[in-house]
Amino acid sequence: MIRKFNNNDIESVMNIWLESNTDAHDFINPEYWKNNYSSVRSAIMQAEVYISETDSIINGFIGLTDNYIAGIFVSKPYRSKGIGTSLLNFVKEHRNTLILSVYEKNQKAVKFYKKSGFIIESKQIDSDTMQTEYIMHWKR
């Protein structure tokens with residue numbers, strides 16, 4: 001089931017956010033994610049967020065600001081089970097265009113987004129991590 005985020009979800013969402021980022025980005029020092037925890041927590045409270053849950057257990061979420069996907073995050077035991085795709089498809093039903101950035105070295109995510117119809121428009125250096133990231137775009 002996919003539903004809108006509510007404030008009671010924040011602890012579960014933040015645990016998934018931290019776990020997912022440290023797992024997916026082994027090329028970035030884990031301290032980077034820990035140091036940004038508070039600011040991301042505040043941003044999530046202001047963003048448009050949708051939750052995926054099974055049997056009242058939050059297993060993933062997607063965060064948006066307008067048409068920008070800030071991220072899709074799925075709890076480790078639920079990965080590769082279609083949850084990320086379901087969250088993305090849910091958002092696609094309500095948008096005509098979407099944009100996101102993804103680290104070039106996160107090839108699993110790059111492949112996922114390409115399979116989902118996103119194209120790479122450009123690449124740039126993330127000034128916080130000094131990692132190359134792709135800017136990817138999807139249009140209906």
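When a residue number appears, it is its place in the shown sequence, counting from 1.
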Please list every donor-acceptor pair under 3.5 Å in which a side-chain atom of residues 114-122 meets a protein atom from a residue at least two apart or in another chain.
{"residue": "S116", "atom": "OG", "partner": "F112", "partner atom": "O", "Å": "2.9"}
{"residue": "E121", "atom": "OE2", "partner": "H137", "partner atom": "ND1", "Å": "3.3"}

Distance-only donor-acceptor pairs under 3.5 Å for side chains of residues 22-32, two or more places apart:
{"residue": "T22", "atom": "OG1", "partner": "L18", "partner atom": "O", "Å": "3.0"}
{"residue": "T22", "atom": "OG1", "partner": "E19", "partner atom": "O", "Å": "3.2"}
{"residue": "D23", "atom": "OD2", "partner": "R79", "partner atom": "NH1", "Å": "3.0"}
{"residue": "D23", "atom": "OD2", "partner": "R79", "partner atom": "NH2", "Å": "3.4"}
{"residue": "H25", "atom": "ND1", "partner": "N21", "partner atom": "O", "Å": "3.0"}
{"residue": "H25", "atom": "ND1", "partner": "N21", "partner atom": "OD1", "Å": "3.3"}
{"residue": "H25", "atom": "NE2", "partner": "N106", "partner atom": "ND2", "Å": "3.4"}
{"residue": "N29", "atom": "OD1", "partner": "E31", "partner atom": "N", "Å": "2.8"}

> Got V91 and L98 here, is their nearest side-chain heavy-atom distance under 4.5 Å?
Replying inline: yes
> Do I62 and F90 have side-chain heavy atoms sitting under 4.5 Å apart?
Replying inline: no
> Are side-chain heavy atoms of M45 and I10 found at a separation under 4.5 Å?
Replying inline: yes
> Any luck finding a side-chain donor-acceptor pair between T129 and D126 under 3.5 Å?
Replying inline: yes
> Distance from S42 atom OG to Y37 atom OH, nearest 0.5 Å?
Replying inline: 11.0 Å
>> Once rounded to the nearest 0.5 Å, what's the spacing between atom CD1 of I125 and atom CE of M130?
In response: 6.5 Å
> Below 4.5 Å, heavy atoms only, C-beta onward: do K105 and V110 meet side chain to side chain?
Replying inline: no
>> If the threshold is 4.0 Å, N to carboxylate O, is there a salt bridge linking R41 and E11?
In response: yes
>> Once rounded to the nearest 0.5 Å, what's the spacing between atom CZ of F73 and atom CG of L87?
In response: 11.0 Å
>> So which atom in V102 and which in A109 form the shortest heavy-atom distance, rounded to 0.1 Å?
In response: CG2-CB, 3.6 Å
> Are any side-chain N or O atoms of S39 and backbone N or O atoms of N36, one a donor and one an acceptor, separated by less than 3.5 Å?
Replying inline: yes
> Is the side chain of S52 donor-acceptor paired with the backbone N or O of G84 at a distance under 3.5 Å, no angle test?
Replying inline: no
>> For residues I16 and I2: do they belong to one hydrophobic cluster (side chain heavy atoms under 4.5 Å, members Ile, Leu, Val, Met, Phe, Trp, Tyr)?
In response: no
>> Count I, L, V, M, F, W, Y as connected when their side-chain heavy atoms are under 4.5 Å apart, and connections chain through other members. Are Y78 and V49 then in the same cluster?
In response: no
> Regarding N59 and T54, is there a side-chain donor-to-acceptor distance under 3.5 Å anywhere?
Replying inline: yes
>> Does D66, at its CG atom, have more than 12 non-hydrogen atoms belonging to other residues, nucleotides or ligands within less than 6.0 Å?
In response: no
> When rounded to the nearest 0.5 angstrom, what distance separates NZ in K81 from OG in S86?
Replying inline: 13.0 Å
>> A side-chain contact here means heavy atoms from C-beta on lying under 4.5 Å apart; do V40 and M14 qualify?
In response: yes
>> Taking atom NZ as the centre, does K4 end up with more than 12 heavy-atom neighbours from other residues, nucleotides or ligands that are less than 6.0 angstrom away?
In response: yes
>> Holding to side-chain contact (heavy atoms from CB on, under 4.5 Å), I want the full list of residues that pass it with M1, two or more places apart in sequence or in another chain.
In response: R3, E53
> Hey, what do you get for CD (Q124) to CD1 (I135), rounding to the nearest 0.5 Å?
Replying inline: 4.0 Å
>> Are I99 and W138 packed together at the side-chain level, in the sense that at least one heavy-atom pair is separated by less than 4.5 angstrom?
In response: no
> Are L64 and Y50 close enough, and set up right, to give a side chain to side chain contact (heavy atoms under 4.5 Å, CB included), and what steps lead you there?
Replying inline: CA-CA 9 Å; L64 298 134; Y50 297 97; 4.0 Å; yes
>> Hydrophobic clusters here meaning ILVMFWY residues chained together by side-chain heavy-atom distances under 4.5 Å, can you tell me if Y134 and L88 are in one?
In response: yes
> So, for F61 and V13, which heavy atoms are closest and what is the spacing to 0.1 Å?
Replying inline: CE2-O, 3.3 Å
> How long is the span from the CD atom in E133 to the OH atom in Y103, to the nearest 0.5 Å?
Replying inline: 6.0 Å
>> Quick check on the hydrophobic clustering: are I51 and V74 connected, directly or via other members, by side-chain heavy-atom contacts under 4.5 Å?
In response: no
>> Would the distance check show the side chain of S12 and the main-chain N or O of I58 forming a donor-acceptor pair, the cut-off being under 3.5 Å?
In response: no
>> Between Q107 (side chain only) and E104 (backbone N and O only), is there a donor and an acceptor less than 3.5 Å apart?
In response: yes
